[in-house]
Amino acid sequence: MRVKIHREGTHVLTVLAAGLLLVNIPLWAWLPEPLRWIAAAVSLVSVVLFLLVVNFYRSPRRHFPGNPVNAVVSAADGKVVALEETYEGEYLKCRCIQLSVFMSPLNVHANWFPVDGEVIYSKHHNGRCRAAYLPKSSTENERSTVVIRTPEGQLVLMRQVAGAMARRIVTYAHPGVEASIEDHMGFIKLGSRIDLYLPLSTEIFVKIGDPTVGGITQVGLLRPEASETK
């Protein structure tokens with residue numbers, strides 16, 4: 001099966017492949033026969049390393065199988081690590097349900113829009129690179145915040161949070177962009193986390209520890225009567 005590579009990984013994989021070839025070709029060319037096992041071992045490690053990086057930069061095309069109206073879909077592959085009522089102070093300025101998904105280095109790191117609608121706010125914040133599963137990472141780590149207004153007028157805030165290993169957050173969303181749960185809104189390199197801030201009336205379908213698949217797993221359902229505009 002053909003593996004599609006995310007555009008954020010094409011340059012990385014090209015450079016990595018060239019570097020691994022520069023290491024492996026001389027070993028096979030110059031090592032004498034009794035030491036060829038060294039070349040074989042290095043080649044095996046190189047293949048495993050390259051496949052791990054390919055796995056990280058996979059870019060699957062996904063289609064949400066359910067009804068997208070008022071649906072809240074996981075924005076990332078990973079595991080639910082936070083689900084609680086909290087105050088969101090950057091944009092919404094109100095109490096919300098925070099639902100956070102942690103991505104390990106083995107997960108796909110493309111990020112999907114969690115709801116259909118229109119992007120009305122996008123801002124990048126510099127910060128620390130603490131472990132992404134820590135509660136304070138949502139406000140202290142490097143992060144990018146995006147707010148989407150759904151067709152029914154509800155506001156959903158999505159925050160990409162860098163982790164201890166992450167060194168780059170990529171956000172494609174900016175005000176005026178049409179958001180679709182089947183489209184990528186960004187990418188985070190290496191371990192990281194996605195926070196969703198949802199209206200208190202949202203019906204939640206997951207619990208802490210549940211695995212999620214970005215663009216596929218429905219994590220909640222927005223209630224139209226909670227509609228607000230900003």
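The first residue in the sequence is number 1, and the count goes up from there. These values consider heavy atoms only, across backbone and side chains, with no hydrogens, waters or symmetry-generated copies.
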Task: Leu99 backbone acceptor or donor facing Asp195 side chain under 3.5 Å - done: no
Task: Note, Leu200 side chain near Thr202 side chain (heavy atom, < 4.5 Å) - done: no
Open item on the list: Main chain of His109, side chain of Asn107: is a donor-acceptor contact present, judged purely on distance under 3.5 Å?
Closed with: no
Task: Asn126 side chain to Glu142 backbone, donor-acceptor under 3.5 Å - done: no
Task: Donor-acceptor contact present, side-chain Glu85 to main-chain Arg95, <3.5 Å - done: no
- [ ] Answer whether the closest heavy-atom distance between the side chains of Tyr121 and Val146 falls below 4.5 Å.
- [x] no
- [ ] Start with the C-alpha distance between Thr212 and Thr217, add both sets of side-chain angles, then the distance that settles side-chain hydrogen bond (donor to acceptor under 3.5 Å, both in side chains), and finish with yes or no.
- [x] CA-CA 6 Å; Thr212 63; Thr217 304; 5.5 Å; no
Task: Any donor-acceptor N/O pair, Arg149 side chain to Gly117 backbone, under 3.5 Å - done: no
TODO: Examine distances only and state if a side-chain atom of Glu88 and a backbone atom of Tyr91 form a donor-acceptor pair shorter than 3.5 Å.
DONE: yes
TODO: Give every residue pair that meets the salt bridge (Lys or Arg N to Asp or Glu O under 4.0 Å) criterion with at least one member in residues 202-220, sequence neighbours excluded.
DONE: Glu203-Arg223, Lys207-Asp210
TODO: Among Ile, Leu, Val, Met, Phe, Trp and Tyr joined by side-chain contacts under 4.5 Å, find the other residues sharing a cluster with Leu35 and list them by chain and number.
DONE: Val23, Leu27, Leu31, Trp37, Ile38, Val42
Open item on the list: Determine whether a donor-acceptor pair (N or O, by modelled atom type, separation under 3.5 Å) exists between the side chain of Thr171 and the backbone of Ala173.
Closed with: no
Open item on the list: Apply the hydrophobic cluster definition, ILVMFWY joined by side-chain contacts under 4.5 Å directly or through others, and give me every member besides Val45.
Closed with: none
